[in-house]
Amino acid sequence: MNQKIDIHVPVLIVGGGGAGLTSSVLLARLGISSLLVTRYPETTKLPRGHILNQRSMEIFADMGVAPEIRAKSTPPHHMRGVAYYSGLAGGGPEDGHGRLLGFVEAWGAGYTDPDYIAASPEAIANLNLLHSEPLLKAHAERYPEATLRFHHELIGLEQDTDGVTSTILNRDTGETYTVRSSYLLGADAGRTVGELAGAKVTFHERLRKLVSLYLSVDLSQYFPSDDSILTWFFNPEYPDHLDYGSVLLPLGPTQWGRHSEEWLLAVSRPDLDGSQPEKMLQWAREALGIPDLDPEVLGVSEWHLERFLLDDFRVGRVFMIGDAAHRLPPSGGLGLNSAVQDAYNLCWKLAAVLNGRAGDGLLDTYNAERRPVNKTNIETATRSVGNQMWMAEALGVSTEKSVEENWAELRKFWEDDLPGAEERRHRFNRWLGDSTLEYHQHNVDFGYTYDSAAIVADGTPAPVSPDPVRLYQASSRPGHALPHAWVERAGRRLALRELIHGGHFVLIAGEAGQAWVEAAEKVAQQRNIPLRAARVGLGDVDLIDVRLAWQRNRAISSEGALLIRPDGYVAFRSIDAVDNPVTKLSTVFDQILSRTTSGEN
């Protein structure tokens, strides 16, 4: 290669949003240097991507940024669920505005739902990218291994068998320079990298347009509640707003609930766009029933609800993550979470290959593991959007009815003696039950599993959930995430998954599994693999199962063992003892890390 190279770096990251910044931090924590470039001069100025589910918060805990996110997140008592109201303010018969029509718990109900408490040490957080991206950026900048360059744009790339050569434009000076990297991560929402790398896509569909207003306004005198993370309003005074209703999201940033200083108001209206600010403000006044509403408009977001999935998330030495690899409707908040979880799956594998511990085949498991998960996410989010389309019908309101007819339907929710009142309420209750597809999708956003060459199957049948979307069931079967358990040593309590923090493999053995512990430590030392090993249970053990949560889910005998990957997934399980655990674990690591047989014994 005769081209002049200005910068050499193991990993080039293109994109400075949630996916790119997460990757920068993860790689730095694993000792891998990277350069991140993004065409934008700063982090986002729009409040997108707010729900951070339990799996993502576990990742942020590993990264060391979770406490900062929680400090700025919505307090738990302000995110108990999703509420539906008959308008916000304005006229109507007998002051019908502000009447509660229904309420459904959402995303663990502020970490009070027993299912969510049992599943993870981390509660769901609610912090949009406007505030979370600067936290991730500042965290990355603390590491010498992470270099961030904003307002620098990828304009060309060529790859060969040894690496990728990228051309970068400095948008401040107009100068270009070249970067040679072993690998490139496309985290640019599909703007440039995928096309330049030749990524193929056969699944892309736009469903409808949405517009959002980012407002600074005091709604405390109108807003009816403090415990909803999202609030839907149906204002019969303006029937043409009733197809999907209007949804308000309180954004804080220092006060919450009805006293939030900032709000996001969103609606599906094909006749509106960001070039019509006055028309959009009039629409906001009508939707909220406040004719003299005069907010400060902090931003306007116009975007399409779409479904998009690359055929393969890897093209040679280029990997697509987040919106560059897949895009899905916002229902359930799976988009940003999928991006963070893509990065977590890929970065430990890149580090293992770059450090010489693993073969290139390990990197193929990124697509094998993450693409099916994201396909399921797209399907689930699409079903959720479909369910939303029946919301107005379940309430009995319609754009085809008059103002009086729509109010008559909504009055059934608070006037018991009206004909059909109980039937109408129950019909909406049935719809609320269906909406748990979006607001209690615990098995989709937390219980997804992996099946690839980096998982050593043990031949046992997969557990069957009574509801594969809503109900998460912990399991120690290979391919499942390590079940949550609080354990103690010397009076200090920790979550069992904390053992993986910092990029460690973990060997967890039963009470009589010391042979496994010693074998794992020997193999790890021979191969220079970061690993922690411990016996977990009751009695003479390293970590005490104080709440018996591990006993409930471990599914191994006192002589058995599990091997956990650095991303928290069970890679290998032996229910009982084996004759030669060193040989067994050597073979297991050969498979997981895509290495040839080592001959260690």
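Reckoned from all heavy atoms, side chains included, excluding hydrogens, waters and symmetry mates.
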- request: Test salt bridge (Lys or Arg N to Asp or Glu O under 4.0 Å) on Arg497 and Glu122 and set out the steps.
  value: CA-CA 11 Å; Arg497 80 174 319 276; Glu122 297 293 335; over 6 Å; no
- request: Kindly indicate, with the supporting measurements, whether the criterion side chain to side chain contact (heavy atoms under 4.5 Å, CB included) is fulfilled by Tyr143 and Leu27.
  value: CA-CA 10 Å; Tyr143 292 95; Leu27 289 169; over 6 Å; no
task: Could you go through the salt bridge (Lys or Arg N to Asp or Glu O under 4.0 Å) check for Glu141 and Lys137 one step at a time?
output: CA-CA 6 Å; Glu141 288 172 338; Lys137 179 176 180 288; 2.7 Å; yes
- prompt: Can you check salt bridge (Lys or Arg N to Asp or Glu O under 4.0 Å) on Arg532 and Glu498, steps first, answer last?
  reply: CA-CA 11 Å; Arg532 295 173 177 140; Glu498 290 180 48; over 6 Å; no
- request: List the steps and the verdict of ring pair (Phe, Tyr, Trp, His ring centres under 6.0 Å) for His440 and Tyr116.
  value: CA-CA 10 Å; His440 194 117; Tyr116 286 72; 5.2 Å; yes
task: Kindly indicate, with the supporting measurements, whether the criterion side chain to side chain contact (heavy atoms under 4.5 Å, CB included) is fulfilled by Leu563 and Val456.
output: CA-CA 10 Å; Leu563 182 65; Val456 181; over 6 Å; no
query: salt bridge (Lys or Arg N to Asp or Glu O under 4.0 Å) between Asp364 and Arg314: does it pass, once the steps are laid out?
result: CA-CA 7 Å; Asp364 287 330; Arg314 179 183 188 182; 2.7 Å; yes
query: Between Arg573 and Arg477, does a side chain to side chain contact (heavy atoms under 4.5 Å, CB included) hold up when you go through it step by step?
result: CA-CA 7 Å; Arg573 177 172 69 176; Arg477 184 176 182 265; 3.9 Å; yes
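The cationic atom of Arg70 (NZ for Lys, CZ for Arg) does not lie both less than 6.0 Å from the six-membered ring centre of Tyr111 and within 45° of the ring axis. Stacking of Arg317 on the aromatic ring of Tyr183 is recorded, both the 6.0 Å distance cut-off and the 45° axial limit being met. Relative to the ring axis of Phe203, Lys375 does not place its NZ or CZ within 45° and under 6.0 Å from the centre.
Using a distance-only test at 3.5 Å, with no hydrogens or angles considered, no donor-acceptor pair links the side chain of Ser73 to the main chain of Ile69. Under the 3.5 Å distance criterion, the side-chain polar atoms of Arg191 are matched with a main-chain donor or acceptor of Asp188. With hydrogens and angles disregarded, a donor-acceptor distance shorter than 3.5 Å links the side chain of Arg535 to the backbone of Asp540. For the pair Asp311 (side chain) and Thr202 (backbone), a donor-acceptor distance under 3.5 Å is present. The main-chain N or O of Val536 is never found under 3.5 Å from a side-chain atom of Asp542 such that the two would form a donor-acceptor pair. Judged by distance alone, with hydrogens and angles left aside, the side-chain atoms of Asn374 form a donor-acceptor pair with the main-chain N or O of Arg370 at under 3.5 Å. Side-chain N or O atoms of Asp6 include one that pairs as donor or acceptor with a backbone N or O of Thr178 at under 3.5 Å. Under the 3.5 Å distance criterion, the side-chain polar atoms of Arg554 are matched with a main-chain donor or acceptor of Ile556. Judged purely by atom type and a 3.5 angstrom limit, Gln591 uses its side chain to pair as donor or acceptor with the backbone of Ala453. Remark: side-chain polar atoms of Arg371 are not paired, donor with acceptor, to backbone N or O of Phe313 under 3.5 angstrom.
Every residue two or more places apart in sequence or in another chain was checked for a ring-ring contact (aromatic ring centres under 6.0 Å, His included) with Tyr344, and none qualifies. With sequence neighbours left out, His504 forms a ring-ring contact (aromatic ring centres under 6.0 Å, His included) with no residue at all. With sequence neighbours excluded, the residues forming a ring-ring contact (aromatic ring centres under 6.0 Å, His included) with His204 are Phe308, listed by chain and number.
Considering all non-hydrogen atoms of both residues, Tyr569 and Gly479 come closest at CD2-O, 3.3 Å. Between Ser594 and Leu362, the closest heavy-atom pair is CB-N, 3.5 Å. Nearest heavy-atom pair, Leu531 versus Ala524, reported as atom, atom and distance to 0.1 Å: CB-CB, 3.7 Å.
Atoms CG and OG1, on Asp451 and Thr365 in that order, are 11.0 Å from each other to the nearest 0.5 Å. If you take CG on Leu496 and CH2 on Trp486, they are separated by 10.5 Å, rounding to the nearest 0.5 Å. Note that CD of Glu133 and OG1 of Thr44 are 5.5 Å apart. Values are rounded to the nearest 0.5 Å. Within the model, atoms CG of Leu585 and CD of Glu521 stand 11.0 Å from one another, a figure rounded to the nearest 0.5 Å. Atoms NE2 and CD1, from His480 and Ile564 in turn, are 12.0 Å apart once rounded to the nearest 0.5 Å. Atom CG of Leu135 is separated from atom OG1 of Thr43 by 9.5 Å, given to the nearest 0.5 angstrom.
Among Thr74, Asn126, Asn128, the single residue meeting the side-chain hydrogen bond (donor to acceptor under 3.5 Å, both in side chains) criterion with His50 is Asn126. Leu154 pairs with exactly one of Thr167, Val179, Val14 by the side-chain contact (heavy atoms from CB on, under 4.5 Å) rule, that one being Val14. Applying side-chain contact (heavy atoms from CB on, under 4.5 Å) to Leu185 and the options Leu12, Leu350, Val318 leaves one that passes, Leu350.
Using modelled atom types and a 3.5 Å distance limit, the side chains of His326 and Asp342 yield a donor-acceptor pair. A side-chain N or O of Gln341 and one of Asn53 form a donor-acceptor pair less than 3.5 Å apart. The closest side-chain donor-acceptor pair between Asn443 and Ser465, if any, does not fall under 3.5 angstrom. No hydrogens or angles considered: nothing links the side chains of Asn528 and Asn355 as a donor-acceptor pair under 3.5 Å. Side chain to side chain, Arg39 and Thr192 fail the donor-acceptor criterion of an N or O pair below 3.5 Å.
Two rings, from Phe446 and Trp107, have their centers 6.0 Å or more apart.
No side-chain heavy atom of Thr380 sits under 4.5 Å from any side-chain heavy atom of Leu328. Contact annotation: the side chain of Leu336 never approaches that of Arg48 to less than 4.5 Å [non-hydrogen atoms, C-beta and beyond]. Proximity of Leu196 to Gln159: side-chain heavy atoms (C-beta onward) are nowhere separated by under 4.5 Å. Using a 4.5 Å heavy-atom cutoff, the side chains of Phe319 and Asn367 are not in contact. Side-chain contact between Val315 and Lys200 is absent, with no heavy atoms from C-beta onward closer than 4.5 Å. Between Leu136 and Phe60 the shortest side-chain heavy-atom distance falls below 4.5 Å. In this structure the side chain of Gln441 reaches within 4.5 angstrom of the side chain of Leu334, judged on heavy atoms.
For Glu158, the CD atom is loosely surrounded, since the number of other residues' heavy atoms within 6.0 Å does not exceed 12.
Between Asp567 and Arg55, none of the side-chain N atoms (NZ, or NE/NH1/NH2) sits under 4.0 Å from a carboxylate O, so this pair counts as no salt bridge. For Arg552 and Asp545, the salt-bridge test fails: no basic side-chain N is under 4.0 Å from an acidic carboxylate O.
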